[in-house]
There are 2 protein chains.
Amino acid sequence: MFSSTTEYALRAAVFLAEVREGYHPAQSVAEATKVSVQYMSKVLKLLVESGVAVSQRGPSGGFALAKPPTQITLLDVVQAVEPVERIMSCPLNLPEHAHELCPLHKAMDDLAVVAQNHLRSKTLAELVQQSIVPLGISAAKRASA
Amino acid sequence: MFSSTTEYALRAAVFLAEVREGYHPAQSVAEATKVSVQYMSKVLKLLVESGVAVSQRGPSGGFALAKPPTQITLLDVVQAVEPVERIMSCPLNLPEHAHELCPLHKAMDDLAVVAQNHLRSKTLAELVQQSIVPLGISAAKRASA
DNA sequence: GTATAAACCGATATCTTTATCCGGATATCC
DNA sequence: GGATATCCGGATAAAGATATCGGTTTATAC
């Protein structure tokens, strides 16, 4: 259903929503989400390019959400890395289906709409576990902090 | 959203629902769906292995649906080639989420359920365009028949 | 202004998906 | 029972997604 890149992007976004204030280096995001720093850096870059996150270079730099978690939906994150695309014209290019999707592609497009609506209805804020520990910060690590 | 393999499988299933009686060689399915015979053969094999279609070797052989189109849903076809998987446990393996999905993966699993239900609600029969020409059989080809 | 922490960027490696090729097995038709 | 149409299966190729590596730039802190 979702590619691993999308899964990583969602984990990262939720993490940034949980930790909140300040910049968090890719290193921290990577550890919390259990993804390699190298790959997580690429994913974070996608989030920055799409306006979901912002980045800051240099010491005490890192990544942060571009807007409050209440204003970022799961769809924003998904579209940043692997857009759920609507089907606008028949991929078969049949003359019969030039101006109206055939029933099959209509059904597939319907699902795209349903999926988009579902993802749009959830904000990052709703996924933050206030009372629980931040995503991926394990008991051992917390103890040492 | 869907891989090309899934798209091909759906096209093939709709085609078989449209042409109805008898076996149809991979060649015919491939032409109608605008996919190479070689690749379509592999996709059709997946449909056979999952019980959506049946195959028959030799002259006047080919492929046909295993059940009437009213009894085959889009979900049957999709699950045959690229299952929409439920998320049963937290991929992060966090102790906190051992027996309950974290909100993120709960949301993702919810979408999987919504998608499955959507696909299950449409049968191949509902996608058949009775009054129109079969999928992919163009005007030129019809004229020559 | 120097040292350092961090994002950035391009090159490469690995794995998966998609696609093609070709010989073999099997059923049908005459 | 032989010729033929078709599915079947394995090997290979090409493309894309995933992942890693190393160097470069930029900002911060002191």
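Naming: A, B, ... by sequence-line order, numbering from 1 per chain.
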Counting heavy atoms from C-beta on, name the nucleotide in [options] closest to the side chain of [X].
X	options	answer
Ser3(A)	dT18(D), dA19(C), dT6(D)	dT18(D)
Pro59(A)	dA7(C), dT6(D), dT4(C)	dT4(C)
Gln38(B)	dC8(C), dT28(C), dC21(C)	dC21(C)
Pro25(A)	dA6(C), dT18(D), dC8(D)	dA6(C)
Tyr39(A)	dT28(D), dC8(D), dT20(D)	dT20(D)

Next item on the list: Report yes or no: do Met1(A) and Val78(A) belong to one cluster of Ile/Leu/Val/Met/Phe/Trp/Tyr joined by side chain heavy-atom distances under 4.5 Å?
Entry: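 In one cluster with Met1(A): Val78(A), yes.
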Item checked: Leu46(B) reachable from Tyr23(B) in the ILVMFWY side-chain graph, under 4.5 Å edges -> no
Check: What distance do Leu124(A) atom CG and Gln71(A) atom CD have between them, rounded to the nearest 0.5 Å?
Finding: 11.0 Å
Check: Thr6(B) and side-chain hydrogen bond (donor to acceptor under 3.5 Å, both in side chains): which partner among Gln79(B), Arg11(B), Glu82(B)?
Finding: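 Passing option: Glu82(B).
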[X] side chain near [N] phosphate (N/O to OP1/OP2, under 4.0 Å):
X	N	result
Ser55(B)	dC8(D)	yes
Tyr8(A)	dA19(D)	yes
Gln56(B)	dT28(C)	yes
Ser60(B)	dC29(C)	yes
Ser36(B)	dT20(C)	yes

Rounding to a whole Å, what distance do you find between [X]:[atom1] and [N]:[atom2]?
X	N	atom1	atom2	value
Met40(B)	dT20(C)	CE	C1'	15 Å
Leu46(A)	dC9(C)	CG	C1'	13 Å
Leu47(B)	dC8(D)	CG	P	12 Å
Tyr23(B)	dC8(D)	OH	P	11 Å
Arg11(A)	dT18(D)	CZ	C1'	14 Å
Glu49(B)	dC8(D)	CD	P	9 Å
Leu44(B)	dA19(C)	CG	P	14 Å

Check: Within the structure shown, what part of the strands sits under 4.0 Å from Ser41(B) by heavy-atom distance: base, sugar-phosphate, or nothing?
Finding: nothing
Checklist line | Residue met sooner reading DNA chain C from 5', once Lys42(A) and Phe63(A) are mapped to nucleotides | finding: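 Counting from the 5' end, the first nearest nucleotide belongs to Phe63(A).
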Next item on the list: Check for a donor-acceptor pair, side chain of Lys34(A) on one end and backbone N or O of Leu92(B) on the other, with a separation under 3.5 Å.
Entry: yes
Item checked: Upstream residue (5' side of DNA chain D) when Arg57(A) and Thr5(A) are each assigned their closest nucleotide ->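 Mapping each residue to its closest nucleotide by heavy atoms, the 5'-most match is Thr5(A).
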